Amino acid sequence: MAAPRVAPPSEMSPRLTFLFAVAAGAAIANLHWAQPILGFIAGDLRAATATAGWLVTATQIGYAAGVLLLVPLGDVLDRRRFVPVLLLTSAAALLLCALAPSIGVLLLALGLLGVTTISGQVLTPLAGDLATDAHRGQVVGAVGSGTLTGILASRTISGFVAGAAGWRTVFALAAVVAVLLAVLLYRAIPPLAPRTRMPYPALIASVGAVVLRERAARWTLVLAATGFAVFSLLWTALTFLLSGPPFEYPVPMIGLFGLAGLVGALAVQHAGRLHDRGWSLPATGAAWVLALGAFVGAAFAGRSVVLLVVVIVIVDVALQAQALLSRARLFAISHEARSRLNTALGTGNFIGGAIGSAAATALWSAAGWTAVTIAGAALCCLALAVWTLGRRGPLITATPCRTPL
C-alpha cells in the first residue's frame with residue numbers, strides 16, 4: 001500500500017481554519033460543562049456539594065493524562081483518522097455522563113472525558129503543519145481563538161441549557177456535536193504521512209528530550225506557564241470577589257463576566273499576524289507590560305464593577321496574546337515535533353494553572369483582593385525579567401524547523 005501523501009501547506013484554507021477553530025473550542029468546552037452546574041448535578045444525584053466538586057478535578061486530571069499520553073501520537077499517526085477517533089471516544093464519554101445513574105459513575109465518565117477530549121491539542125499543531133510559514137501565526141491564532149471562545153462560552157451555555165432542559169441535556173447535546181465534528185473533520189482533513197516513526201515509549205520519552213535539547217523551548221515554556229498561572233490566579237480570585245460584598249452576585253451573573261474575555265479571543269488572531277511579521281518577541285514584552293499595568297489598576301477595582309470589567313478585558317488581551325506568541329515560537333522550533341512540543345506546553349500550562357488557582361485561594365484567605373493583585377503584578381514582573389534576559393538570545397528561534405530527537 002502506498003504511503004499517504006503529505007499535504008502541502010496551501011491546504012490550510014480559511015474554511016478549514018474555521019472548522020479547526022470550532023472543533024478545538026468544542027473539545028475544550030467539554031472540560032467546563034460541569035463547573036457552573038455542580039449544584040444541579042449534586043441535587044439530582046443526591047450527592048454532597050463537596051463530593052460534586054470532585055467532578056471538576058476528575059475532568060482536569062483526565063485531561064492532563066490525555067495531553068501527556070495521547071497528544072504526542074499526533075507526530076506518529078495519520079491525524080485524519082486520529083482526530084475523528086478522539087472525537088468519537090469523547091462522544092461516548094459524554095453519552096455516559098448524560099446517562100450516569102450515580103455520582104461515582106459520573107466521576108468515572110468525566111475522567112474518561114478528560115482523557116479523550118484532547119483533539120484541540122492535536123488540531124493546533126496540525127494547523128501549524130498545514131499553514132505556510134508566512135501565515136502560520138495567523139492560522140494558529142485563529143484556532144487558538146476558537147479554544148478560548150469554547151472556554152469562555154461553555155460556562156454560560158451550560159448554565160442556560162441545564163436551567164431549561166436539565167443537566168443531562170448539556171452532555172447529550174455535546175455528544176451529538178462531537179459526532180458531527182468527527183464526520184466533518186474526517187472529510188476535510190487531507191491524508192497526512194506521519195512526521196516521524198518511533199515506538200510509543202520512545203515517543204513519550206522524546207517529549208522531555210526535545211525540551212531539554214532546545215533552549216528556546218525551555219524559556220518559552222516558562223513564559224507560557226507563568227501566563228497561565230496569572231490567568232488562573234485572576235479568574236479564581238474573581239469568583240471570590242464577585243460572590244462576596246460589595247457585589248454579592250449570583251452564580252449566573254458571575255458567569256457572564258467571562259464574556260468580557262471574548263475580547264482576548266479576538267486579540268489572539270491579531271497577535272498571530274504580529275508573529276508572522278517577525279514582531280513576536282517585542283509584542284510579547286508589550287503584552288506583559290500591559291498585563292502589569294492592568295494588575296496595578298486592579299488594586300483599585302475591588303469596589304468598581306466598571307473598572308473590574310476593564311481590568312478583565314486588558315488582562316485577557318495581554319495574556320492570550322502572549323500565549324499565542326509563545327505557541328507560535330514553539331512551533332517554529334521543529335516541524336516534526338510540534339505535537340510533542342504542544343504536549344510540553346499543555347503540561348506546563350496545566351501546572352501553572354494549578355499553582356495560580358491554589359495561590360489565589362491561599363492569598364484570598366490571607367489578605368483578600370489586595371494580596372491577589374500584588375501577586376499578579378509580581379508574576380508579571382517575573383515574566384518581564386525572563387523576557388528581558390531572553391529576548392536577545394534564549395527566546396530567539398533562529399533556526400526553525402530543526403529535526404528533533
Side-chain angles (χ1 to χ4, degrees), residues 25-67 69-70 86-120 150-182 232 235-236 238-240 242-244 248-258 350 353-354 357-358 360-361:
I28 201 69
N30 289 335
L31 297 178
H32 303 282
W33 296 130
Q35 288 184 356
I37 57 174
L38 292 177
F40 286 93
I41 295 173
D44 184 57
L45 297 180
R46 298 179 181 179
T49 302
T51 303
W54 282 99
L55 297 174
V56 176
T57 303
T59 313
Q60 292 174 336
I61 292 174
Y63 185 71
V67 168
L69 300 176
L70 297 182
L86 288 172
L87 286 165
L88 291 175
T89 52
S90 67
L94 285 162
L95 185 60
L96 181 58
C97 291
L99 300 175
S102 66
I103 195 71
V105 174
L106 186 57
L107 275 167
L108 174 62
L110 283 171
L112 293 173
L113 177 61
V115 172
T116 57
T117 191
I118 46 92
S119 52
I151 294 173
L152 296 168
S154 60
R155 297 177 178 91
T156 303
I157 294 172
S158 179
F160 281 114
V161 172
W167 68 269
R168 296 179 187 274
T169 305
V170 175
F171 294 101
L173 290 176
V176 173
V177 170
V179 172
L180 177 61
L181 287 171
S232 296
W235 281 98
T236 302
L238 276 173
T239 302
F240 300 142
L242 294 172
S243 61
E248 297 184 340
Y249 291 143
V251 172
M253 180 68 72
I254 295 174
L256 291 176
F257 276 79
F350 181 85
S357 297
T361 302

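It should be emphasised that the depicted structure is a prediction, and the values quoted were computed from it without experimental measurement.
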Are V179 and V176 side-chain neighbours, meaning at least one heavy-atom pair lies under 4.5 Å?
no
Could you tell me whether the side chain of N30 reaches within less than 4.5 Å of the side chain of Y63, counting heavy atoms only?
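When only atoms from C-beta onward are counted, N30 and Y63 do not touch, as no gap falls below 4.5 Å.
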Rounded to the nearest 0.5 Å, what separates atom [atom1] in [X] from atom [atom2] in [Y]?
X	Y	atom1	atom2	answer
I103	W54	CD1	CH2	12.5 Å
L88	T116	CG	OG1	10.5 Å
L106	L113	CG	CG	10.0 Å
C97	L112	SG	CG	8.5 Å
H32	T117	NE2	OG1	9.5 Å
W167	L45	CH2	CG	5.0 Å

How close do [X] and [Y] get, heavy atom to heavy atom, and via which atoms?
X	Y	answer
A178	L94	CB-CD1, 4.5 Å
L110	A34	CD1-CB, 4.5 Å
A29	S154	CB-CB, 3.7 Å
V177	A26	CG1-CB, 4.3 Å

L173, L55, I157 screened by side chain to side chain contact (heavy atoms under 4.5 Å, CB included) with W33, the one that passes:
I157
Donor-acceptor contact below 3.5 Å, side chain R168 vs main chain A100
yes
Do side-chain atoms of S90 reach the backbone of L87 as a donor and acceptor pair under 3.5 angstrom?
yes
Working for side-chain contact (heavy atoms from CB on, under 4.5 Å), residues L96 and F171
CA-CA 9 Å; L96 181 58; F171 294 101; over 6 Å; no
